[in-house]
Amino acid sequence: MEKLIAGKSVAVNEEGYLTDFSQWDKSIAEELAHEAGISLSPRHWEVLTYLQNEHQNQVALSIRRIGKSNFVDIKEFYQLFPTAPLKTATKIAGIPKPVSCI
Amino acid sequence: MKNLVILGAGTGGTMMANHLHHHLHSPDWRITIIDERQEHHYQPGYLFLPFDVYSPDDIVKSIKEFIPEDVHLVQQKILRIAPTENKIYLESGNEILYDVLIVATGAKIAPEETEGMRGAEWHKSVFDFYTFEGALALRDKLRDWQGGKLVVHITEMPIKCPVAPLEFAFLADSFFTQKQMRDKVEITYVTPLSGAFTKPKATEALEHLLKEKNIHIESDFAIEQVDNTTKEIVDYGGRRIPFDILVTVPTNKGDELMARSGMGDDLNYIPTDKATLRAKNYENIFVLGDASNIPASKAGSVTHFEAEILTENILRFVHGEPLKEEFDGHANCFIETGNGKALLIDFNYTHEPVEGSFPFQGIGPLRLLKESRMNHMGKLAFRWIYWNVLLKGTHIPFVPATMPVPKQQ
């Protein structure tokens, strides 16, 4: 389905995650962050970029991997993206919601 | 003579020994199965131990009983696998060479992964029911418990039998109702997922049941520690949930052997091709059941379906034929919902659990995604099937290894 974000029509899935990363840009991230009640600081951007790179390198993202990443510890990750940080941060970063194994 | 070696004589390893000894035998082949333990446990039975439904005798038998006589059983501890030498090193100093290796060493709980979990309250007010000892300690606790806050908790995915903690919550509701003390027990289900289960359709059905049984759900909970002093679990976001009894499913990990052998991922699971079940990095090593990292449920039913496909692939491999890419992640699970009823779900890598009847469309007798007494009878009958049919590698009639998708839609 299509959704209008920051004045642009982008393809999203039923949970609102972008399905085409090439449509992502910083203004979209800012609006998605705003929807989640987050205002993006420079540190937020560093973490978002890190997640995008990990995704590009086909690393399966999980809270456990974040904790062992030496890039951001889990405490800080929660401070930046409260409640369900991995789900919130991946949505803002324009990458798929990590699949938790069944 | 060539050697086929199986590591682990649990559900998967035992089934493979029983499948393969008909096809690979002397004078051309010798099959060896290695497991240091003496006992074979029916792991689904752990769920029923705490509620005094099953007794230890129902779920423990000897490993030997299920290994065919022409298969060589070695009951010694495995030191490491040396995949470049095609060799197994045993703690006794013995070495065993293999031409084909099947790893079926399973998954285990690792409570030490979470701060405070294996602390002062371990097996006093903090319990697991994924081990024999844990389930028995919990049984003793529940027998004379006077009530309070019961918290059923999953640490992180993946875990063995992902529906077991839900079943535990349902059975607890039914157990305390029968003891006429349900009003004295507050049951909370705490999960790192955003809902009751990983598949949306099943989640909907299960959340409805939780509500009906007055079981409170706390989702998106990523545990940081168990606070033994205040008796609370605490998540990274600072959320605290108090408990009088915590029934937790700790982090699950593959066997330490993988770390010693340098063959596992960060949770000691072996990277495995999800369609052929061959280890990604080794041509002559195959992985069955919970030991692999494939994105299927870690459950006996999955292992059972895998075993049928793996048997064919092993035979193809030894005959120099290309492997079949057939495994579809098929899982088929009974979910106990309490009060003598159960649900049945059937799903695979790509297909969600659907409604309908099983194994015959329109006839059943089992109902998919709906509570019924027949499903519960099916679950109880399954223990008999496990010991008498499944472990022996006999095909269960009408239950195919791959999911019969069109039938149920």
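Only heavy atoms go into these numbers, but all of them, side chains included; no hydrogens, no water, no symmetry mates. The sequence lines fix the lettering, A, B, ..., with proteins before strands; numbering per chain opens at 1.
Proximity to chain B at a heavy-atom threshold of 4.5 Å picks out nothing from residues 6-24 of chain A. Below 4.5 Å, heavy atoms of chain B meet no heavy atom from residues 40-48 of chain A. At a heavy-atom separation below 4.5 angstrom, chain B is approached by A:Ile74, A:Lys75, A:Tyr78, A:Thr83, A:Ala84 within residues 69-85 of chain A.
Atom-to-atom distance recorded for B:Asp235:CG and A:Ile63:CD1 is 9.5 Å, nearest 0.5 angstrom. Put simply, OG1 on B:Thr155 and CZ on A:Arg64 are 10.0 Å apart, with the number rounded to the nearest 0.5 Å. Between A:Ser62 atom OG and B:Glu156 atom CD the span is 7.0 Å, to the nearest 0.5 Å.
Residues that satisfy the side-chain contact (heavy atoms from CB on, under 4.5 Å) test with B:His216, not counting sequence neighbours, are B:Thr188, B:Glu218.
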Could you walk me through whether A:Arg65 and B:Asp266 pass the salt bridge (charged side-chain N to carboxylate O under 4.0 Å, His left out) test, one step at a time? CA-CA 9 Å; A:Arg65 295 251 161 81; B:Asp266 61 343; 3.1 Å; yes

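Atom CD of B:Glu352 has more than 12 neighbouring heavy atoms from other residues, nucleotides or ligands inside a 6.0 Å radius.
Counting heavy-atom pairs closer than 4.5 Å to chain A, the top residue among B:Gly238, B:Ala331, B:Ser194 is B:Ser194.
B:Ser219 does not touch chain A: none of its heavy atoms, backbone or side chain, sits under 4.5 Å away.
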